Number of protein chains: 2
Amino acid sequence: MKTRDKILLSSLELFNEQGERNVTTNHIAAYLAISPGNLYYHFRNKSDIIYEIFQEYEKLVDYYLDIPENRPLNLDDMTFYLESVFDGLWSYRFLHRDLENLLDRDQRLRNDYREFTDRCLAAISRIFEKLAEGGVLEPQPDTLRAAMSLNVWLIVTNWMAFLKTAHGEKASACLTLRELKQGIYQVLTLEIPYVTPVYREQVLELREKYRPTMPEQEGEREVSVG
Amino acid sequence: MKTRDKILLSSLELFNEQGERNVTTNHIAAYLAISPGNLYYHFRNKSDIIYEIFQEYEKLVDYYLDIPENRPLNLDDMTFYLESVFDGLWSYRFLHRDLENLLDRDQRLRNDYREFTDRCLAAISRIFEKLAEGGVLEPQPDTLRAAMSLNVWLIVTNWMAFLKTAHGEKASACLTLRELKQGIYQVLTLEIPYVTPVYREQVLELREKYRPTMPEQEGEREVSVG
DNA sequence: GACTCCCTAGAGTATATACTCTAATAATAC
DNA sequence: GTATTATTAGAGTATATACTCTAGGGAGTC
């Protein structure tokens, strides 16, 4: 693998594990056993590394959120979207951790992220619309659907932060993809009232699959996640 | 005012405006026109300042979220809770910005925050319960109510972050309390399906008050907030 | 061999940041 | 007044971090 790609890959890995703030360019170089000079030969600065990783993330999510125009959506589609989005979040989880600081430091990123958000919100809304076409959800007026989509976005993008802050320990390491996907339970909770009677049972069943299992057997404490 | 209190006050102000990461102890001292030595005479380190500010925040929110046990809750109560909570968020908004890093750097804060979250979630759930008693909301099973409360928490605590990232410009400064309170619109959106028919109209009316006004007259772009 | 181009090493730098140390000054107690 | 304590100034430090600069190796081409 090319050094440049190694840098991107390792940066992502380190950022995800330790947070961007705690990973310096020198750390990345040391981790790869290359010199700082080498790293800076491939990237002008740290921001450029982050920006490039963000672009990968953007591509991935855009790919996931591609919505077929020729047919309505069903429950399987919804499951796929939810699973995919949380997979993406997991793979690039550092981005949503220190987002505000990242955006403050890089205007390109700020603009791109804003547009990215808009695209995602539009996609979520469109998914709701097509789920209604497919008879899974009750149809809703545009404004309500938009507000709901925004709520979904808020839950999806911040579920991980909640998990990390709700943990007692450092939590950076001990978070799992499985836990993350309990966010799907939360999203489905939001949707329940809008599910058509025909699909109600199925959705509730699907939701159960993501129900948080009380994690700590020590009986110490439980996050009251329902 | 005592120097110690001035430090706390100015720190809060600077943290809110520029983010904790961007405000050094030297900045705080310079802002107050005191020496670094003086600052460190009053506080052992930066973490202690943050921790003390957090404790104020905790007290404030705990005070707001005190729930009368002798009567059910009505719509005015709900409005009060929402308004108060967003006021509190506004006053201490830096805390929710870089929370993960703050918690990583201070174990006390981590523990306290975890308990704080639990208390808030319990309070939200209790409010829903009492709103049901008051006939405002339909009663819900415990698990659903818990999951809903968590969704409310996610929306409330992350609405500001969304606003900041959705803005095109640096946004640190140009965010207003008024905009922040559009978060109430989002929370009420979540509650709509559970409002009893008797109160439906009133809640929708209340919600309208917080509807985001399309902000930029330049016709440039609009955050699709419904 | 010499030239070029891509890549790499590694010492080095400017700046920042959290924090320390000493000495002096103001406030208070006796 | 004097002793004691609380407060303050301000220079200074250790460490970190993002980044630079120079020198050179290796591979391909002529």
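None of the values given here were measured: they were computed from a predicted structure. Keep in mind that the numbers below use all heavy atoms, side chains included, and drop hydrogens, waters and symmetry copies.
Rounded to an integer number of Å, the gap from CZ of Arg21(B) to C1' of dA18(C) is 15 Å. In this structure, the CG atom of Asn45(A) is 16 Å from the C1' atom of dT15(C), given to the nearest Å. In this structure, the CG atom of Leu39(B) is 15 Å from the P atom of dG10(D), given to the nearest Å. In this entry the distance linking CD1 of Ile50(B) with P of dT17(C) reads 14 Å, nearest Å. Between the CZ atom of Arg105(B) and the P atom of dT17(C) there is a distance of 13 Å, given to the nearest Å. To the nearest angstrom, P of dC6(C) lies 17 Å from CD1 of Ile7(A). Whole-Å rounding puts the Tyr40(A) OH to dC7(C) P distance at 19 Å. Counting to the nearest Å, the P atom of dA16(C) and the NZ atom of Lys46(B) are 15 Å from each other.
Using a cutoff of 4.0 Å between basic side-chain nitrogens and carboxylate oxygens, Arg21(B) and Asp104(A) are not scored as salt-bridged.
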Q: Scan nucleotides 3-9 of chain D nucleotide by nucleotide, 5' to 3', and note B when protein non-hydrogen atoms come under 4.0 Å of the base, S if they reach only the sugar-phosphate, - if neither.
A: ---SBBB
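Among residues two or more places apart in sequence or in another chain, the ring pair (Phe, Tyr, Trp, His ring centres under 6.0 Å) test is passed with Tyr40(B) by none. Every residue two or more places apart in sequence or in another chain that forms a salt bridge (Lys or Arg N to Asp or Glu O under 4.0 Å) with Arg145(B) is listed here: Glu129(B), Asp142(B). Residues passing the side chain to side chain contact (heavy atoms under 4.5 Å, CB included) test with Thr117(A), sequence neighbours excluded: Tyr113(A), Leu121(A), Trp153(A), Phe162(B).
Remark: the Tyr51(A) side chain and the Asp112(A) side chain contain an N/O donor-acceptor pair separated by less than 3.5 Å. A donor-acceptor contact closer than 3.5 angstrom links the side chains of Asn101(B) and Arg97(A).
When each of Val23(A) and Asn26(B) is assigned the nucleotide of DNA chain D bearing its nearest heavy atom, the one mapping closer to the 5' terminus is Asn26(B).
Closest approach of Ala166(B) to Arg114(A), counting heavy atoms only: O-CG, 3.0 Å.
Thr25(B) has no side-chain polar atom (N or O) that falls below the 4.0 Å cut-off from OP1 or OP2 of dC19(C).
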Taking N or O atoms only and anything under 3.5 Å, show me the protein contacts with nucleotides 23-26 of chain C, one pair per line.
none

Q: For Phe15(B) and Phe94(B), run ring pair (Phe, Tyr, Trp, His ring centres under 6.0 Å): C-alpha distance rounded to whole Å, both residues' side-chain angles, the deciding distance at 0.1 Å, then the answer.
A: CA-CA 6 Å; Phe15(B) 288 161; Phe94(B) 87 92; 4.9 Å; yes
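Among residue pairs with one or both ends in residues 25-47 of chain A, those qualifying as salt bridge (Lys or Arg N to Asp or Glu O under 4.0 Å) are Glu20(A)-Lys46(A), Arg44(A)-Asp48(A); sequence neighbours excluded.
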